[in-house]
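We count ligands from 1, going down the list as the structure has it; atoms in each ligand are counted the same way. Count residues from 1 along the sequence. Only a predicted model underlies this, so the values are computations on that prediction, with no experimental measurement involved.
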Amino acid sequence: MTYVAKGWLIKKREHGKIIFLDMRTIDQPWIPLQVVIKKQEVDEITWENAKKLRQEASFIAEGELIQNPRAPGGRELRGKQIIIVHNPEEPWPLGKKSHPPEVLMKYRHLSVRGQKFIKIWIVREKLIHYLREWFEKNHWHEVSPPIFVMTACEGGATLFRVKWFEEKIPVYLTQSAQLYLEALCFALGRVWCLAPSFRAEKSRTRRHLAEYWHLEAEAAFFNFEDNLRVQEELVIYAIKKLLNDDVTGELIKEIRGNVDDLDEIKAPLPRVTYTEAMEILQRKNFKIKWGDDLGADEEKALSEEIGTAFFLTHFPTEIKSFYVKLDPNDPRVCLAADLIVPHVGEIIGGSERETDVNELIKRIKAQGFDPTNYEWYLDLRRFGSVPHSGFGLGIDRFLMYILKLEHIRDTLPFPRLARVKYFI
Ligand code: ATP
Ligand code: MN
């Protein structure tokens with residue numbers, strides 16, 4: 001079969017009268033195409049072109065596509081013609097070796113072409129595809145929330161302030177679309193969105209970005225337990241689809257190694273209350289007392305103990321945001337749950353939402369915000385309010401878990417971290 005491959009040179013090997021070109025093609029960029037050029041089978045220009053190609057040269061190769069079980073992807077191109085589109089004058093700044101993260105960040109615009117990164121981008125794309133597919137199949141409505149907002153919902157410390165024309169009133173980059181989704185779920189029933197959220201996270205950890213991709217969902221007539229069921233179904237659906245997908249199934253194995261724990265994940269996921277978690281942690285000699293927030297170390301110890309993804313539920317009311325509903329059976333705790341996974345920790349925060357206006361006003365104030373900015377939000381409790389629940393899933397953290405990546409920066413082509421030095 002004659003085939004025309006368009007792409008870039010990953011690497012070239014010359015063996016006398018044969019040249020092997022490993023090509024990244026626009027058709028299957030995640031599998032290098034081996035192009036074989038034999039001197040006696042091609043004209044002189046093609047032979048000279050093949051010899052001339054430098055790393056990351058762009059070119060078009062035409063020839064016969066044949067089966068070869070030993071070549072990557074089980075096929076190779078017996079090249080008949082090579083046309084150079086652009087042969088770089090300078091050597092590829094990243095050379096052939098692997099590089100430390102600082103170098104990969106500085107040259108991010110080029111390192112995004114690296115073979116490992118390409119595989120990550122493909123899995124990321126498919127992950128989003130399958131998540132969206134789950135919502136479509138289950139008749140949720142996808143909506144588009146704003147990015148510029150005037151209401152905080154996750155604590156003032158991580159707000160990014162924006163200068164809004166000549167206005168004095170502070171405007172922020174959104175931390176979460178939740179408040180808007182709450183308004184929209186009373187219009188449409190079940191809604192979800194995928195949009196960036198922003199957190200001024202000064203602490204540099206392996207799982208915090210300043211800008212991340214937030215999948216949020218909100219549903220009317222949904223209680224705490226309905227909410228957990230949707231989360232586990234959605235997350236497990238995406239994992240199973242990715243593992244069974246011809247392309248991503250292989251890529252995940254290649255990047256992550258063993259996938260047994262992903263394969264075995266099934267609903268219902270264990271539910272562990274905050275109070276139970278405290279007992280586990282105290283037994284493990286953590287210096288922690290009831291009422292403290294849990295950090296990465298605590299989440300890691302818990303997921304090692306439980307051995308699978310699990311829901312951590314019923315947190316003390318004080319450590320969660322104002323909108324979380326109090327547990328009617330024990331108002332010291334609230335109807336919030338985080339989904340905790342091994343290797344990463346929290347990937348979802350969710351809750352049933354408070355519907356009592358006065359309770360909301362009290363807690364908005366307690367968190368240091370001005371309730372007058374939240375009038376529109378409070379109106380949602382004044383006009384046809386119903387029990388409702390929702391959650392926010394960090395796509396980047398979810399991908400970090402699926403691929404067992406060491407650092408969240410590698411889940412995104414252009415990650416935004418605390419240090420502006422790494423922006424390109
Ligand atoms: P953490 O305690 O880990 O900082 P959080 O409790 O502040 O997270 P939420 O406000 O509950 O996070 O946000 C919902 C989800 O968004 C989290 O479960 C996580 O997956 C993701 N997320 C939150 N902050 C970040 C961040 N800075 N970078 C990447 N993902 C994040
Ligand atoms: Mn959270």
Side-chain angles (χ1 to χ4, degrees), residues 124 127-128 131 145 149 151-160 172-179 181-182 192-218 227-228 231-232 234-235 238 269 274 277 292-300 302-303 309-324 334-353 367 389-402 405-412 414-419 422:
R124 184 180 176 100
L127 168 62
I128 292 170
L131 290 166
V149 300
T151 45
C153 57
E154 298 301 332
T158 61
L159 276 175
F160 275 109
Y172 308 105
L173 294 177
T174 186
Q175 295 172 307
S176 157
Q178 182 194 315
L179 307 189
L181 295 194
E182 286 188 57
W192 74 282
C193 69
L194 175 58
S197 278
F198 302 85
R199 303 286 170 98
E201 305 271 10
K202 281 215 198 69
S203 60
R204 288 178 224 143
T205 76
R206 46 187 279 277
R207 58 176 206 178
H208 284 96
L209 292 161
E211 174 187 281
Y212 70 95
W213 286 82
H214 206 175
L215 185 154
E216 293 182 86
E218 194 75 30
N227 197 30
L228 298 193
Q231 292 169 46
E232 62 195 5
L234 170 71
V235 162
L269 297 174
Y274 171 92
D292 291 346
D293 207 349
L294 303 182
D297 293 341
E298 287 82 15
E299 288 174 3
K300 183 161 175 279
L302 289 171
S303 57
F310 70 98
F311 287 112
L312 187 56
T313 71
H314 300 87
F315 291 88
T317 311
E318 281 69 36
I319 63 172
K320 289 289 171 190
S321 220
F322 61 84
Y323 51 73
V324 176
C334 59
L335 298 180
D338 287 355
L339 179 60
I340 313 285
V341 300
H343 181 67
V344 179
E346 178 188 334
I347 64 164
I348 297 186
S351 63
E352 183 164 341
R353 316 308 192 186
Q367 290 196 358
S389 303
F391 61 90
L393 162 69
I395 293 288
D396 325 278
R397 284 196 191 171
F398 191 18
L399 186 63
M400 204 179 153
Y401 163 59
I402 291 169
L405 298 176
E406 259 331 292
H407 201 291
I408 197 165
R409 69 176 158 241
D410 291 337
T411 64
L412 274 172
F414 301 104
R416 292 313 182 215
L417 300 160
R419 290 166 74 182
Y422 290 130

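- The ligand atoms of ligand 1 that sit less than 4.0 angstrom from a heavy atom of Arg207 are 3 (O), 28 (N), 29 (C).
- For Arg124 (side chain) and Leu399 (main-chain N/O), no donor-acceptor pair under 3.5 Å exists by modelled atom type.
- Neither the backbone nor the side chain of Gln175 has any atom closer than 4.0 Å to an atom of ligand 1 (non-hydrogen atoms only).
- Annotation for ligand 1: atoms under 4.0 Å from non-hydrogen atoms of Glu154 are 10 (O).
- Between the side chain of Arg206 and the main chain of Glu406, a donor-acceptor pair closer than 3.5 Å is present.
- The shell of residues lying under 4.0 angstrom from ligand 1, judged by heavy atoms, includes Ile408.
- Of the heavy atoms in Arg199, only side-chain atoms (C-beta onward) come closer than 4.0 Å to ligand 1.
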As a quick check of understanding, evaluate side chain to side chain donor-acceptor pair (under 3.5 Å) for Arg397 and His343, giving each step before the final call. CA-CA 10 Å; Arg397 284 196 191 171; His343 181 67; over 6 Å; no
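- Every atom of ligand 1 with a heavy atom of Gly349 under 4.0 Å away is listed here by number and element: 18 (O).
- In this structure, the side chains of Leu209 and Arg416 stay at 4.5 Å or more apart for every pair of heavy atoms.
- Taking 2.8 Å as the criterion, Asp338 does not count as a coordinating residue of the Mn ion (ligand 2), since none of its N, O or S atoms falls below it.
- Leu131 is listed as a side-chain neighbour of Phe398, based on a closest heavy-atom distance under 4.5 Å.
- The shortest contact between atom 1 (P) of ligand 1 and any protein heavy atom is with His208 NE2, 3.7 Å.
- For atom 19 (C) of ligand 1, the closest heavy atom belonging to the protein is Arg397 NH1, 3.6 Å.
- Residue nearest to atom 30 (N) of ligand 1, selected from Trp213, Tyr212, Phe198: Tyr212 (by heavy-atom distance).
- Here atom 2 (O) of ligand 1 lies nearest to Glu346 when heavy atoms of Lys320, His214, Glu346, Gln178 are compared.
- Listed by atom number, the atoms of ligand 1 under 4.0 Å from Gly392 heavy atoms are 14 (C), 15 (C).
- Just one residue in the list Glu211, His214, Glu154, Gln178 forms a side-chain hydrogen bond (donor to acceptor under 3.5 Å, both in side chains) with Ser197, and that residue is His214.
- Considering both main-chain and side-chain atoms, Leu393 never comes within under 3.5 Å of ligand 1 through any nitrogen or oxygen pair.
- By the 3.5 Å distance cut-off applied to N or O atoms, Asp396 is not counted among the residues near ligand 1.
- With a heavy-atom cut-off of 4.0 Å, Ile348 touches ligand 1 through its backbone alone.
- Looking at Glu346 and the Mn ion (ligand 2) together, the shortest N, O or S contact belongs to OE2.
- When atom types are taken as modelled, the side chain of Arg199 and the backbone of Gln175 share a donor-acceptor pair closer than 3.5 angstrom.
- Considering only non-hydrogen protein atoms, atom 20 (O) of ligand 1 sits nearest to Ile347 O, 2.8 Å.
- Heavy-atom contacts of Leu209 reach the following atoms of ligand 1: 26 (C), 27 (N), 28 (N), 29 (C) (cutoff under 4.0 Å).
- Taking all atoms of both residues into account, the shortest heavy-atom contact from Ala309 to Leu269 is O-CD2, 3.7 Å.
- Using cut-offs of 30° and 60° on the angle between ring planes, the pair Tyr274 and Phe315 is tilted.
- Using a distance-only test at 3.5 Å, with no hydrogens or angles considered, a donor-acceptor pair links the side chain of Ser321 to the main chain of Cys153.
- Side chains of Ile408 and His208 form no contact here, defined as non-hydrogen atoms less than 4.5 Å apart.
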